[in-house]
Undergrad: 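The structure follows.
Below, all heavy atoms of this structure are taken into account, side chains as well, without hydrogens, waters or symmetry copies.
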Amino acid sequence: MQKNLSRLESVTLDLFRAGHLPVIGEWLALPLLHLAGSKRPGDAPYNEILYPVAERLLQKCDAVFRMNGESKGADEDVRIAKERGLPIFFNLSEVPGCA
């Protein structure tokens with residue numbers, strides 16, 4: 001999970017410098033998972049918290065940046081974003097303010 005999180009975080013400074021406020025769901029979910037006693041992906045606290053945090057976060061977002069790579073969670077984020085009519089970007093060059 002840390003390797004994936006580091007990969008996600010690798011674009012956040014570029015997004016911030018372009019005038020956006022990047023938020024990764026795990027930044028919000030990990031402290032809650034710790035408090036709930038989660039020990040591994042897929043346990044009861046993980047299922048209770050991780051994807052619901054992402055879904056709630058998407059209710060507050062203006063857009064989604066989807067990085068390359070296989071991820072059921074990211075695919076679900078894109079599905080929800082499409083339902084909400086949010087812009088979805090797949091390359092930094094597509095994001096307003098990023099070059």
Undergrad: Mind checking side-chain contact (heavy atoms from CB on, under 4.5 Å) for R79 and listing every partner two or more places apart, or none if nothing turns up?
TA: E76, E83

Undergrad: If Ile, Leu, Val, Met, Phe, Trp and Tyr residues are connected whenever their side-chain heavy atoms lie under 4.5 Å apart, and connections chain through other members, are L32 and W27 in the same group?
TA: yes

Undergrad: Counting only N and O atoms by type, is there a donor-acceptor contact under 3.5 Å from the side chain of D14 to the main-chain atoms of V11?
TA: no

Undergrad: What's the shortest heavy-atom distance between M67 and R7, and which atoms?
TA: CE-O, 3.4 Å

Undergrad: Please give me the minimum heavy-atom distance between K60 and R84, naming the atom from each residue.
TA: N-NH1, 4.3 Å

Undergrad: List the atom of N47, the atom of P52, and the distance in Å for their closest heavy-atom pair.
TA: O-CD, 3.8 Å

Undergrad: Search all heavy atoms of L28 against all heavy atoms of P31 and return the closest pair with its distance.
TA: O-CD, 3.5 Å

Undergrad: Side-chain contact test, heavy atoms from C-beta onward, threshold under 4.5 Å: evaluate it for S38 versus E48 and give yes or no.
TA: no

Undergrad: Enumerate, atom names and distances included, each donor-acceptor pair closer than 3.5 Å involving a side-chain atom of residues 86-99, sequence neighbours excluded.
TA:
unit_1: E94; atom_1: OE1; unit_2: F90; atom_2: N; d: 2.6
unit_1: E94; atom_1: OE1; unit_2: N91; atom_2: N; d: 3.2

Undergrad: Cluster question for you: counting only ILVMFWY and a side-chain heavy-atom cut-off of under 4.5 Å, with indirect links fine, are L8 and L33 together?
TA: yes

Undergrad: Are V53 and I80 linked, directly or through other ILVMFWY residues, by side chains that come within less than 4.5 angstrom of each other?
TA: no

Undergrad: Identify whether L58 and I24 are in the same connected component of the hydrophobic contact network (ILVMFWY, side-chain heavy atoms under 4.5 Å).
TA: no

Undergrad: Would you kindly confirm whether L57 and L30 end up in one hydrophobic cluster when ILVMFWY residues are joined by side chain heavy atoms under 4.5 Å apart?
TA: yes

Undergrad: Should D77 and R66 be marked as a side-chain contact (heavy atoms from CB on, under 4.5 Å) after you check the CA-CA gap, both sets of side-chain angles, and the distance that decides it?
TA: CA-CA 9 Å; D77 292 347; R66 172 63 164 99; over 6 Å; no

Undergrad: Holding to salt bridge (Lys or Arg N to Asp or Glu O under 4.0 Å), I want the full list of residues that pass it with E9, two or more places apart in sequence or in another chain.
TA: none

